Trainee: 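Once you've had a glance at the structure underneath, I'll fire off some questions.
The figures here come from the full heavy-atom set of this structure, side chains too, leaving out hydrogens, waters and symmetry mates. Order of the sequence lines fixes the chain letters, A, B, ..., with proteins taken first and strands second; residue numbering starts at 1 for each chain. Fair warning: this is a prediction, and the values are worked out from it, not measured in the lab.
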Amino acid sequence: MNIPSSEQALMQSAQNLAGLTLGEIAQQAGIAIPKDLSRNKGWIGLLFEHVLGASAGSRPEPDFPHLGIELKSLPINEQAKPLETTFVSVAPLTGLVGVTWHNCYVRKKLARVLWVPVITRKDVPLSERLVATPFLWSPNAEEEALLAQDWQELTDMIVLGEVENIHGKHGQVMQLRPKAANSKVKTQAFDRNGKPFMTLPRGFYLKINFTQALLHRYLRIN
DNA sequence: GATTGATCATAC
DNA sequence: GTATGATCAATC
């Protein structure tokens, strides 16, 4: 697939995915379908990136750098309720001096997101799952305020050396959870005395209630 | 059943 | 290890 030249071109090809199954999309793209996602958790996201012409690679940039748009797949059920939290980014545990909500990575990453919902049920094979209507989202004032509030709370705790006391329950719409290959992975952080120590890498995740609200706002459903 | 903590693949 | 893409699965 070619790189989309404009937002309109991207949205057009995204809309064209609606109503197709993952099997149809993969077949058209000539991509093999895994039996399940257990050892291919990012497969749907990579499939959409390929089909929509996102710049490949693991660079820390939006999927469509020239458009400033991030692409995210979103598993939902038939009632359009998200089934999983949405990973946003790895949380920096050091170098936070001078970082504010306005210049932080989470805000940049969520500025413009193309959501591609996939109707998911455990008993429906991957290849038969349907793509729902994709939509381009930017946070409204209310959503940004909620995100900013949670980001500030979590970042404050990190800065104060309390990262190991942060649990998934923190945050109303965004939470901090492990983001690593396994629980033995370590990255550097600072404790409450300012001394460096090694801890589990964490990531910011959007909670289900937040992504569900987006769906309601954009698809006018439920 | 929802939520939190753990985990899988791949590139560099 | 860090960054990309997320879902799995044990526990509450």
Trainee: Going from CG on A:Leu52 to CG on A:Leu17, what distance comes out if it is rounded to the nearest 0.5 angstrom?
Mentor: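 Nearest 0.5 Å value for the CG-CG distance: 5.5 Å.
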
Trainee: Under 3.5 Å, which donor-acceptor pairs do the side chains of residues 104-118 of chain A form with other protein atoms, sequence neighbours left out?
Mentor:
residue  : atom : partner  : partner atom : Å
A:Arg107 : NE   : A:Glu144 : OE2          : 2.8
A:Arg107 : NH1  : A:His102 : O            : 3.2
A:Arg112 : NH2  : A:Glu7   : OE1          : 2.2

Trainee: Can you build the contact string for nucleotides 4-12 of chain B? Use B for base contact, S for sugar-phosphate-only contact, and - for no protein heavy atom under 4.0 Å.
Mentor: BBBBBS---

Trainee: Run through the side-chain heavy atoms of Ile, Leu, Val, Met, Phe, Trp and Tyr, join any pair under 4.5 Å, and report what else lands in A:Phe87's cluster.
Mentor: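 Its cluster mates, by chain and number, are A:Val90, A:Tyr205.
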
Trainee: On a heavy-atom basis, which atom in A:Pro4 and which in A:Gly53 lie closest, and how many Å separate them?
Mentor: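 Looking at all heavy atoms of both residues, the shortest contact is CD-O, 3.6 Å.
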
Trainee: Could you identify which residues cluster with A:Val124, counting Ile, Leu, Val, Met, Phe, Trp and Tyr as linked when any side-chain heavy atoms lie under 4.5 Å apart, either directly or through a chain of such contacts?
Mentor: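 Members other than A:Val124 - counting any ILVMFWY side chain reachable under 4.5 Å - there are none.
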
Trainee: Tell me the bend of the helix from B:dG1-C:dC12 to B:dC12-C:dG1 as the angle between end helix axes, each from five pairs, rounded to the nearest 10 degrees.
Mentor: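 So the angle between the two local helix axes works out to 30°.
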
Trainee: Would you compute the distance between atom CD1 of A:Ile119 and atom OG1 of A:Thr21 and round it to the nearest 0.5 angstrom?
Mentor: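 The distance works out to 11.5 Å.
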
Trainee: Are the side chains of A:Gln175 and A:Lys169 in touch, meaning some heavy atoms are under 4.5 Å apart?
Mentor: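 No. Closest side-chain heavy atoms not under 4.5 Å.
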
Trainee: Taking all heavy atoms of A:Leu215 and all of A:Ala80, pick out the closest pair and write down the distance.
Mentor: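 Minimum heavy-atom separation between A:Leu215 and A:Ala80: CD1-O, 3.3 Å.
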
Trainee: Specify whether A:His167 and A:His170 have parallel, tilted or perpendicular ring planes, treating 30° as the upper limit for parallel and 60° as the lower limit for perpendicular.
Mentor: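 Rings of A:His167 and A:His170: parallel, as their planes differ by under 30°.
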
Trainee: With ILVMFWY side chains joined below 4.5 Å, transitively, what does A:Leu83's cluster contain besides itself?
Mentor: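 When side chains under 4.5 Å apart are linked, A:Leu83 ends up in no cluster with other residues.
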
Trainee: Under 3.5 Å, side-chain donor or acceptor atoms of residues 180-187 of chain A against the rest of the protein: list the pairs with distances, not counting sequence neighbours.
Mentor:
residue  : atom : partner  : partner atom : Å
A:Asn182 : OD1  : A:Lys184 : N            : 2.8

Trainee: Near DNA chain B, which residues from residues 115-137 of chain A have a heavy atom under 4.0 Å away?
Mentor: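 Those residues whose heavy atoms fall under 4.0 Å from DNA chain B, taken from residues 115-137 of chain A, amount to none.
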
Trainee: Do A:Gln188 and A:Thr94 get their side chains close enough for a donor-acceptor pair, meaning under 3.5 Å?
Mentor: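 Side-chain D/A pair, A:Gln188 to A:Thr94: absent.
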
Trainee: Does A:Met174 reach the side chain of A:Phe210, with side-chain heavy atoms less than 4.5 Å apart?
Mentor: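 With C-beta onward as the side chain, the pair stays apart.
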
Trainee: I'd like the 5' and 3' limits of the part of DNA chain C contacted by chain A, with heavy-atom contacts below 4.0 Å.
Mentor: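 Nucleotide range in contact with chain A: C:dG1 to C:dC8.
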
Trainee: Between CG of A:Asn165 and CD1 of A:Ile158, what distance do you get to the nearest 0.5 Å?
Mentor: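 One gets 12.0 Å once the value is rounded to the nearest 0.5 Å.
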
Trainee: If you look at every heavy atom in A:Leu147 and A:Trp101, which pair is closest and at what distance?
Mentor: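 Minimum heavy-atom contact is CB-CH2, 3.6 Å.
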
Trainee: Among residues 69-78 of chain A, which residues get a heavy atom nearer than 4.0 Å to DNA chain C?
Mentor: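 Per residue number, the list reads A:Glu70, A:Lys72, A:Ser73, A:Pro75.
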
Trainee: Within residues 102-110 of chain A, find the residues that approach DNA chain B with a heavy atom at under 4.0 Å, and present them sorted by residue number.
Mentor: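 Contacts with DNA chain B under 4.0 Å: none.
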
Trainee: If you find the nucleotide of DNA chain C closest to A:Asp36 and the one closest to A:Lys186, which residue's nucleotide is nearer the 5' end?
Mentor: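 Mapping each residue to its closest nucleotide by heavy atoms, the 5'-most match is A:Lys186.
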
Trainee: Can you tell me how far CG of A:Asp150 sits from OG1 of A:Thr155, rounded to the nearest 0.5 angstrom?
Mentor: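 Here the rounded value is 10.0 Å.
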
Trainee: Less than 3.5 Å apart, which donor and acceptor atoms pair up between the side chains of residues 25-39 of chain A and the rest of the protein, not counting sequence neighbours?
Mentor:
residue : atom : partner : partner atom : Å
A:Asp36 : OD1  : A:Ser38 : N            : 2.7
A:Asp36 : OD1  : A:Ser38 : OG           : 2.4

